[in-house]
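Below is one structure, written out as structure tokens, with a few remarks after it.
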Amino acid sequence: MHDTSHLTTRCGFIAATGFGGTALYALWVGYGAAPGPLALFGETHAEDAGGHDDHAAHSAPEGQSLTRQEFEAQVQDFVARFGEADGSVRPRHPDVSGSAMAEDAHEDQTADHAGTGHVGHGGHGDHGGHGAAAHAPQPVTDAHRHDPSAPFDIWLQAGQFFFEPAHLRLETHQAYRFRMMATDVSHGASIHFGRGGRMIRLRPGQLVETDITLHRPGEFLIYCTYYCGAAHDVMQARLSVTEGGAA
């Protein structure tokens with residue numbers, strides 16, 4: 001009798017653990033923080049597969065590393081170029097005519113300021129004149145400006161307790177390269193894009209890149225996945241995805 005009771009208790013414990021683990025996994029899948037069952041067996045839905053979704057996050061190449069101040073300047077330039085009236089940011093390929101010329105002029109003007117010491121990123125601005133031009137890193141340019149097939153750079157800053165930009169408007173079937181950095185303490189970024197998501201660890205001052213192609217329109221979230229302080233739970237950004245070419 002005692003052995004039967006012990007066996008029943010042990011089986012009940014194992015069953016409860018199994019159900020609990022399954023429920024926890026289902027919760028993580030629902031939040032986009034874990035791959036779905038089909039992905040575990042190497043199968044994905046057509047609309048969620050392909051493109052750059054398979055590229056894991058990685059540190060930027062050594063020659064493209066940025067200081068925190070330089071990265072913040074890139075984010076602000078990104079927001080200024082693609083900001084909408086409602087405060088969202090919608091990066092788009094420039095027109096072949098006037099918009100492209102305006103962007104090139106903006107880039108040239110930024111480079112001129114860096115060369116004359118007007119913009120002191122990373123502490124080099126104090127040297128002024130030719131000294132700044134000699135020591136300042138080369139400006140980081142978006143590859144898509146010169147190659148439309150290249151991923152579109154998305155600059156995303158993580159800080160206590162915000163993401164900048166706070167609202168991104170992106171399109172399906174367009175390759176994007178998220179370039180991210182935590183500029184104060186460690187953070188994480190969970191980027192949702194339909195049935196799945198991408199979780200990325202962001203360490204202070206380290207530029208991290210990941211390529212993503214979105215295949216499903218909708219309203220999604222980017223939220224912090226690494227405890228960063230008292231307001232960690234409210235640290236999130238909006239991701240609005242529309243069909244490619246939609247207004």
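Numbers here simply count residues along the sequence, with the first being 1.
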### Query
Would you say the side-chain atoms of Q160 pair up with the backbone N or O of C228, donor to acceptor, closer than 3.5 Å?
yes
### Summary
By side-chain contact (heavy atoms from CB on, under 4.5 Å), Y227 pairs with (sequence neighbours left out) H232
### Query
Heavy-atom distance under 4.5 Å between the side chains of R179 and Q74, does that happen here?
no
### Message
Is the shortest side-chain heavy-atom distance between P165 and F78 below 4.5 Å?
### Response
yes
### Task
Using the rule that two of Ile, Leu, Val, Met, Phe, Trp, Tyr join whenever any of their side-chain heavy atoms come within less than 4.5 Å, decide whether V75 and F162 are in one cluster.
no
### Message
Could you tell me if the side chain of F71 sits less than 4.5 Å from the side chain of L207, heavy atoms only?
### Response
yes
### Query
Same hydrophobic cluster for L239 and F152, using side-chain heavy-atom links shorter than 4.5 Å among ILVMFWY?
yes
### side chain to side chain donor-acceptor pair (under 3.5 Å) partners for R68, two or more places apart
none
#### Entry: Hydrophobic cluster identity match, F82 and I154, side-chain contacts under 4.5 Å
yes
#### Entry: Residues which pass side chain to side chain donor-acceptor pair (under 3.5 Å) with R203, listed by chain and number, not counting sequence neighbours
none
### 4.5 Å side-chain heavy-atom contact, Y176 and E171
yes
### Message
Checking T225 now: which residues fulfil side chain to side chain donor-acceptor pair (under 3.5 Å) with it, not counting sequence neighbours?
### Response
none
### Non-hydrogen atoms of A158 and D184 that approach each other most closely
O-OD1, 4.2 Å
### Message
Classify the ring geometry of Y223 against H192: parallel below 30°, tilted from 30° to 60°, perpendicular beyond 60°.
### Response
perpendicular
#### Entry: Those residues that, when tested against E84, pass side-chain contact (heavy atoms from CB on, under 4.5 Å) (two or more places apart)
D86, S88, R90, R92
### Message
How close do H215 and T172 get, counting heavy atoms only, and between which atoms?
### Response
C-CG2, 4.0 Å
### Message
For Y226, is the OH atom crowded, meaning more than 12 foreign heavy atoms sit under 6.0 Å from it?
### Response
no
### Query
If we only count heavy atoms from C-beta on, is the I212 to L170 side-chain gap below 4.5 Å?
no
### Query
Got a salt bridge between R177 and D211, using NZ or NE/NH1/NH2 to carboxylate O under 4.0 Å?
yes
### By side-chain contact (heavy atoms from CB on, under 4.5 Å) - contacts of A166 (at least two apart)
none
### Query
Which heavy atom of A189 sits nearest a heavy atom of L202, and at what distance?
CB-CD1, 4.1 Å
### Query
Is V79 reachable from L156 through a run of hydrophobic residues whose side-chain heavy atoms are each under 4.5 Å from the next?
yes
### Task
Would you name the heavy atoms of A237 and F163 that are closest together and state the gap between them?
CB-CB, 3.7 Å
### Message
Would you say that M180 contacts I222 through its side chain, given a criterion of any heavy-atom pair below 4.5 Å between the two side chains?
### Response
no
#### Entry: Cation-pi check, R198 onto F193 ring (under 6.0 Å, within 45° of axis)
no
